[in-house]
Asker: 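There's a structure below that I have some questions on.
Chain A is the first sequence line, chain B the second, and so forth, proteins listed ahead of strands; every chain is numbered from 1.
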Amino acid sequence: MSALLSIKGVTAYYGAIAALKGVDVDVAEGEIVTLIGANGAGKSTLMMTIFGQPRARDGLITFDGHDITRTPTHEIARLKIAQSPEGRRIFGRMTVVENLQMGAAVTKFAHYDEDLARIFAIFPRLKERAGQRGGTLSGGEQQMLAIGRALMSRPRLLMLDEPSLGLAPLIAKQIFSVVEELNRTERLTVFLVEQNAYHALRLAHRGYVMVNGRITMSGGGRELLERPEVRAAYLEGGR
Amino acid sequence: MEYFAQQLINGVTLGSIYGLIAIGYTMVYGIVGMINFAHGDVFMVGGFLALIAWLALTAMGVTAVPVALALVLVLAMAFTALYGWTVERLAYRPLRGSFRLAPLISAIGMSILLQNAVQVAQGPRVKPLPPVVPGNFFQSEGAGGFVVAISNVQVIIVATTLVLMVAFSLLVAKTPLGRAQRACEQDRKMASLLGIDVDRTISLTFVMGAALASVAGLMYLLYYGVVDFYIGFVAGVKAFTAAVLGGIGSLPGAMIGGLLIGLIETFWSAYFSAEYKDVAAFSILIVVLIFMPSGLLGRPEVEKV
Ligand SMILES: Nc1ncnc2c1ncn2[C@@H]1O[C@H](COP(=O)(O)OP(=O)(O)OP(=O)(O)O)[C@@H](O)[C@H]1O
Ligand SMILES: [Mg+2]
């Protein structure tokens with residue numbers, strides 16, 4: 001298996017505190033890979049370290065065979081890796097359309113109209129709100145916008161950090177089904193971080209469990225769901 | 001009445017110059033959260049560059065005034081833009097991510113450096129420019145024998161300012177570069193995740209601010225016919241006041257603030273005393289800030305997150 005994204009022995013620090021203590025993760029082309037773990041395990045840090053924020057101190061990160069461990073953040077984005085980050089980070093004083101245009105920057109607007117129409121077809125809600133400022137959207141709408149903005153770059157790898165956080169179950173489900181469909185119909189590669197372990201692992205081809213800055217378990221998505229340790233730690237009550 | 005009209009015209013002219021400088025303060029503050037104290041001196045350097053370019057062009061035999069003026073404008077903008085870029089590169093970028101006051105101190109140092117460099121290179125005395133664009137665009141004989149006049153220079157200043165402000169507002173509102181600038185203002189890290197080169201965007205912001213300041217420098221030179229190494233400090237403080245009055249970070253705010261400061265100053269000198277014109281301008285600033293702490297057009301914070 002030749003991985004699209006490969007992370008090997010990566011460590012990352014906030015000041016003197018180690019947040020990642022030697023992480024190995026692979027994501028192959030066309031896969032959905034889910035990373036789960038408790039609060040503070042280092043999941044969001046890993047997502048950001050792929051973009052060099054913070055930089056990996058040790059280890060190697062490659063994308064499509066290129067070493068990106070020391071590449072400037074904006075150049076990593078230009079390789080068509082897109083992220084809907086923790087906290088969504090919508091540009092609050094820009095309109096919905098302007099936020100989507102920000103996502104299209106790396107494509108130099110080559111197929112902007114087509115892509116905008118596609119995002120509006122996936123999230124009709126965003127079309128209704130096209131001229132509204134991002135900061136005044138509801139949480140769910142912001143989440144759709146963050147994902148839409150990431151998709152506007154036609155990413156080869158889509159990274160989503162807790163896309164279901166704070167959403168009503170129905171909307172969360174809708175977001176998961178969008179991800180699944182994009183993966184199925186366009187072979188979009190997805191690297192997903194989730195608290196909602198049940199849905200996320202069912203969706204994923206493979207999954208990783210992170211504890212305290214280290215990967216402690218990995219395997220097929222449904223296979224992980226069956227493991228008693230996973231069920232006990234991340235699926236109290238069985239869901 | 002005629003006297004009032006004349007003061008209004010003069011105030012708008014002066015306010016246009018302040019407004020052009022104020023945009024540089026407000027843009028840079030918006031994007032890096034720093035008061036670029038060297039900005040007033042970039043304006044001064046722009047004035048000197050315009051003077052030098054003018055003298056060089058006339059020495060080379062370019063005598064058609066509109067052609068020469070256009071060339072001076074382009075030359076001064078280009079060199080000052082380069083200046084702005086260099087200042088950012090040398091004095092501010094290395095300090096990014098360091099403690100908040102570091103770039104401020106560096107800016108004050110840069111301001112002193114620019115002033116002294118020009119003083120050494122050009123001498124401490126004022127440099128005059130013979131009137132380039134003489135004559136009045138409009139003139140009326142008033143009832144009391146008082147003449148209301150709009151000089152050609154005033155028309156040039158206000159028209160240039162208007163054109164630049166419209167062009168600049170469109171650039172920020174509609175182009176990818178303007179969007180990138182606004183994105184960097186709001187969330188630099190997210191902007192870089194979207195492929196925006198944040199350092200380059202900040203550099204370009206300094207370049208744009210400097211180019212506008214150099215236009216203001218040329219306008220000042222045309223209007224007053226003199227420049228010296230100290231004009232940057234005084235005009236810089238006024239323009240900074242204008243930016244704060246209008247609401248720092250807001251482009252229309254900078255323009256309106258510039259106009260207001262120009263008008264207040266002119267009317268105060270006309271009806272009360274010229275010595276206290278700055279006191280008047282700053283007092284009004286204080287009053288406005290007491291009742292509207294974020295300035296006239298400061299953004300109300302209505303966002304979630
Ligand atoms: N900017 C920061 N400065 C210092 N420490 C940080 C910073 N960001 C995260 N940390 C610390 O690094 C560790 C990992 O944080 P991270 O955000 O990666 O966790 P997470 O797995 O995403 O958690 P959650 O599920 O709550 O989002 C935590 O202990 C956190 O306190
Ligand atoms: Mg997190």
Asker: For chain B, which residues from residues 32-56 of chain A have at least one heavy atom closer than 4.5 Å to it?
Answerer: M48(A), F51(A), Q53(A)
Asker: Report which part of S153(A) has an atom under 4.5 Å of a heavy atom belonging to chain B: side chain, backbone, both, or neither.
Answerer: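 The answer is neither part of S153(A).
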Asker: Could you list the residues that satisfy ring pair (Phe, Tyr, Trp, His ring centres under 6.0 Å) with F37(B), not counting sequence neighbours?
Answerer: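 Counting only residues at least two positions away or on another chain, F37(B) forms no ring pair (Phe, Tyr, Trp, His ring centres under 6.0 Å).
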Asker: Can you tell me which of A150(A), P85(A), G134(A) forms the most heavy-atom pairs within a distance under 4.5 Å of chain B?
Answerer: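 Top count of heavy-atom pairs under 4.5 Å with chain B: P85(A).
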Asker: So, for L259(B) and S16(B), which heavy atoms are closest and what is the spacing to 0.1 Å?
Answerer: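 It is CD2-N, 4.2 Å.
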Asker: Just wondering, are more than 12 heavy atoms of other shown residues or ligands nearer than 6.0 Å to NZ in K189(B)?
Answerer: yes
Asker: State, to 0.1 Å, how close V23(A) and I7(A) come at their nearest heavy-atom pair, and which atoms those are.
Answerer: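 Result for this residue pair: O-CG2, 3.5 Å.
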Asker: Can you tell me if Y29(B) has over 12 outside heavy atoms packed within less than 6.0 Å of its OH?
Answerer: no
Asker: Just checking heavy atoms, which of residues 190-198 of chain B are less than 4.5 Å from chain A?
Answerer: M190(B), A191(B), S192(B), L193(B), L194(B), G195(B), I196(B), D197(B)
Asker: Do any N or O atoms from the side chain of R156(A) and from the backbone of E29(A) form a donor-acceptor pair under 3.5 angstrom?
Answerer: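 Not a single qualifying donor-acceptor pair exists.
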Asker: Of the non-hydrogen atoms in P94(B) and R89(B), which two are nearest, and what is the gap between them?
Answerer: CD-O, 3.2 Å
Asker: Is there a donor in the side chain of T136(A) and an acceptor in the side chain of Q132(A), or the other way round, less than 3.5 Å apart?
Answerer: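 The criterion, which ignores hydrogens and geometry beyond distance, is satisfied for Q132(A) and T136(A).
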Asker: Indicate yes or no: does E88(B) engage R96(B) in a salt bridge with an N to O separation below 4.0 Å.
Answerer: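 Looking at E88(B) and R96(B), the cut-off is met.
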Asker: Any luck finding a side-chain donor-acceptor pair between R93(B) and S203(B) under 3.5 Å?
Answerer: yes
Asker: Tell me whether the guanidinium CZ or amine NZ of R179(B) lies under 6.0 angstrom from the six-membered ring centre of F91(A) and within 45° of its axis.
Answerer: no
Asker: Taking atom NZ of K80(A) as the centre, report whether more than 12 heavy atoms of other residues, nucleotides or ligands fall under 6.0 Å from it.
Answerer: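 Counting other residues, nucleotides and ligands, NZ of K80(A) exceeds 12 neighbours.
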Asker: What pair of heavy atoms forms the shortest contact from D26(A) to E31(A), and how long is it?
Answerer: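 Closest pair (atom of D26(A), atom of E31(A), distance): O-OE1, 4.4 Å.
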Asker: Taking only heavy atoms into account, what residues of residues 94-120 of chain A are found under 4.5 Å from chain B?
Answerer: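 The residues closer than 4.5 Å to chain B, in numerical order, are M94(A), E98(A), Q101(A), M102(A), G103(A), A105(A), V106(A), F109(A).
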Asker: Any idea which heavy atoms bring L126(A) and E141(A) closest together, and the distance?
Answerer: CD2-O, 3.8 Å
